[in-house]
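So the structure is just underneath, and the comments pick up after that.
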Amino acid sequence: MPVPAAVRVLVLGGTTEARRLAESLAGDRSVRVTTSLAGRVAAPRLPPGEVRIGGFGGPEGLAAWMREHDVDALIDATHPFAAAMSRNAAEAAALAHVPLLALRRPGWVAQDGDHWHSTGSLAEAAGLLPALGERVFLTTGRMGLAAFAGAGLDALWFLVRSVDAPEPPGPARMAVLLDRGPFTLEGERELLRRHRIDVLVTKDSGGDATAPKLTAAREAGIPVVVVRRPPVPEGVPVAATPDEAVEWVRRF
């Protein structure tokens with residue numbers, strides 16, 4: 001009897017969940033997994049299986065790549081704030097008639113003692129800061145720092161933490177801390193204390209790797225400005241964990 005062809009899965013990656021998904025799928029001989037990385041991080045952690053780095057040239061390019069490589073299923077496991085890529089994935093899946101699943105870790109939930117201020121954008125977050133503190137721990141990544149470069153924020157001092165060095169424009173007064181999670185609670189406590197941080201800004205990325213900063217801020221009574229994540233494109237099913245995504249693939 002002929003051996004069934006392997007299910008070809010394209011994972012749009014760059015997250016811990018994408019790497020864990022690739023690890024699970026790479027051990028299954030009935031699946032051939034390729035992870036695509038955008039190439040925005042200088043030294044990414046490469047997952048098992050096939051890996052491609054770089055953009056596709058928009059939804060049409062992604063659809064063409066999937067047709068050329070006979071992709072059977074597409075999983076959008078990009079960062080929860082990679083809204084443009086998620087829109088491209090939805091459009092490309094429709095163009096290529098390929099089933100699409102979004103893998104999204106659950107967002108964070110405020111707990112007793114938290115002082116959260118929810119915002120819809122980085123610009124809105126920046127506008128709240130003068131009333132909340134003077135020494136800001138900015139953990140929104142190296143992209144989008146221009147939102148915090150306004151003249152109205154010149155009196156504030158920013159500690160910017162990112163994996164790679166940010167490029168201007170950025171806050172007038174800032175220090176850059178290059179680091180990659182996961183972070184420990186003790187480490188976050190010490191960072192807030194050493195830099196005398198009195199307000200934290202973060203995106204609702206979810207997950208455990210960077211959550212300790214929220215606990216440290218709660219313990220210190222520090223307000224947290226949380227930028228809400230964009231919604232998944234309409235009609236796209238969502239898995240909350242890599243295991244759920246694996247089960248979805250096994251239906252093919």
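On a predicted model such as this, the values are computed, not experimentally measured, just so you know.
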Distance-only side-chain donor-acceptor flag, His79 / Ser205, under 3.5 Å
yes
Is the backbone of Leu25 close enough, under 3.5 Å, to the side chain of Asp28 for a donor and an acceptor to pair up by distance?
no
Any non-hydrogen side-chain atom of Thr78 less than 4.5 Å from a side-chain atom of Leu103?
no
For residues 86-116, pull every pair meeting ring pair (Phe, Tyr, Trp, His ring centres under 6.0 Å), keeping only residues two or more places apart or in separate chains.
none
Membership question, hydrophobic clusters at under 4.5 Å side-chain separation (ILVMFWY): are Val176 and Ile197 in the same one?
no
Taking a hydrophobic cluster as the set of Ile, Leu, Val, Met, Phe, Trp and Tyr residues connected by side-chain heavy atoms closer than 4.5 Å, whether directly or through intermediates, do Val7 and Val246 fall within one such cluster?
yes
Supply the atom-to-atom distance Arg173 CZ to Trp157 CH2, rounded to the nearest 0.5 angstrom.
9.0 Å
For Phe56, is the NZ or CZ atom of Arg52 found under 6.0 angstrom from the centre of its six-membered ring and inside 45 degrees of the ring axis?
yes
Could you walk me through whether Val224 and Phe137 satisfy the side-chain contact (heavy atoms from CB on, under 4.5 Å) test, starting with their C-alpha distance in whole Å, then the side-chain angles of each, then the deciding distance to 0.1 Å, before giving a yes or no?
CA-CA 9 Å; Val224 180; Phe137 184 23; over 6 Å; no
Heavy atoms from other residues, nucleotides or ligands near CZ of Arg194 exceed 12 (cutoff 6.0 Å)
yes
Output yes when a side-chain donor or acceptor of His69 lies under 3.5 Å from a complementary backbone atom of Trp65, and no otherwise.
yes
For the student: nearest non-hydrogen atoms of Val9 and Val31, plus distance:
CG2-CG1, 3.9 Å
Shortest non-hydrogen contact from Ser36 toward Gly54
OG-O, 4.1 Å
Who pairs with Arg32 by salt bridge (charged side-chain N to carboxylate O under 4.0 Å, His left out), at least two apart in sequence or on another chain?
Glu50
Indicate the atoms forming the closest heavy-atom contact of Ala18 with Gly13, along with that distance.
CB-CA, 3.5 Å
Validation: residues 80-88 side-chain donor-acceptor distances under 3.5 Å, sequence neighbours left out:
from, atom 1, to, atom 2, distance (Å)
Ser86, OG, Asp76, OD2, 2.7
Ser86, OG, Ala82, O, 3.3
Ser86, OG, Arg104, NH2, 2.6

Under a 4.5 Å side-chain heavy-atom rule over Ile, Leu, Val, Met, Phe, Trp and Tyr, are Leu159 and Val226 clustered together?
yes
Nearest 0.5 angstrom please: Leu101 CG to Glu247 CD, how far?
12.0 Å
Test log, rule salt bridge (charged side-chain N to carboxylate O under 4.0 Å, His left out), inputs Arg161 and Asp179:
CA-CA 7 Å; Arg161 182 165 69 189; Asp179 204 354; 5.2 Å; no
Just so I know, are the side chains of Leu132 and Asp198 near enough to count as touching, which here means a heavy-atom distance under 4.5 Å?
no
Quick one: list whatever passes side-chain hydrogen bond (donor to acceptor under 3.5 Å, both in side chains) with Thr210, sequence neighbours left out.
none
Keeping to residues at least two apart or across chains, list the side-chain hydrogen bond (donor to acceptor under 3.5 Å, both in side chains) pairs with something in residues 11-27.
Glu17-Arg105
Closest non-hydrogen contact found for Ala22 with Pro47 is CB-CB, 3.8 Å
Heavy atoms, side chains only, cut-off 4.5 Å: are Thr202 and Val227 in contact?
no
In terms of hydrophobic clustering (I, L, V, M, F, W, Y; side-chain heavy atoms under 4.5 Å; direct or indirect links), are Phe148 and Val199 co-clustered?
yes
Are any of the side-chain heavy atoms of Glu219 and Arg189 separated by less than 4.5 Å?
yes
If you define the side chain from C-beta out and look only at heavy atoms, does anything of Leu46 sit under 4.5 Å from Thr35?
no
Counting N and O atoms only, with roles assigned by atom type, does the side chain of Asp72 sit under 3.5 Å from a partner on the main chain of Arg8, one being a donor and the other an acceptor?
yes
I need the minimum non-hydrogen distance between Leu122 and Ala147, along with the two atoms involved.
CB-CB, 3.8 Å
Would you indicate whether Arg196, at its atom CZ, is surrounded by more than 12 heavy atoms from other residues, nucleotides or ligands within a distance under 6.0 Å?
no
Taking side chain as C-beta onward, heavy atoms only, is Ile75 less than 4.5 Å from Leu10?
no
How about Arg218 and Asp112: do any of their side-chain heavy atoms sit closer than 4.5 Å?
no
Would you say the side-chain atoms of Thr241 pair up with the backbone N or O of Glu244, donor to acceptor, closer than 3.5 Å?
yes
Going from NE2 on His195 to CG on Leu177, what distance comes out if it is rounded to the nearest 0.5 angstrom?
6.5 Å
CG-CD distance between Leu185 and Glu190, expressed to the nearest 0.5 angstrom:
12.0 Å
Listing request: all side-chain hydrogen bond (donor to acceptor under 3.5 Å, both in side chains) pairs with a residue in residues 117-136, at least two apart in sequence or in separate chains.
Ser118-Arg228
To the nearest 0.5 Å, tell me how far Leu62 CG sits from Leu12 CG.
6.0 Å
Look at the side-chain heavy atoms of Ile, Leu, Val, Met, Phe, Trp and Tyr, link any pair under 4.5 Å apart, and say whether Leu156 and Met174 land in one connected group.
yes
Looking only at heavy atoms, the pair that brings Val201 and Ala125 closest together is CG1-CB, 4.3 Å
Val98 vs Leu100, side-chain contact (heavy atoms from CB on, under 4.5 Å): CA-CA, chis, key distance, verdict:
CA-CA 6 Å; Val98 172; Leu100 169 64; over 6 Å; no
Any Leu21 side-chain heavy atom under 4.5 Å of Val11 side chain
yes
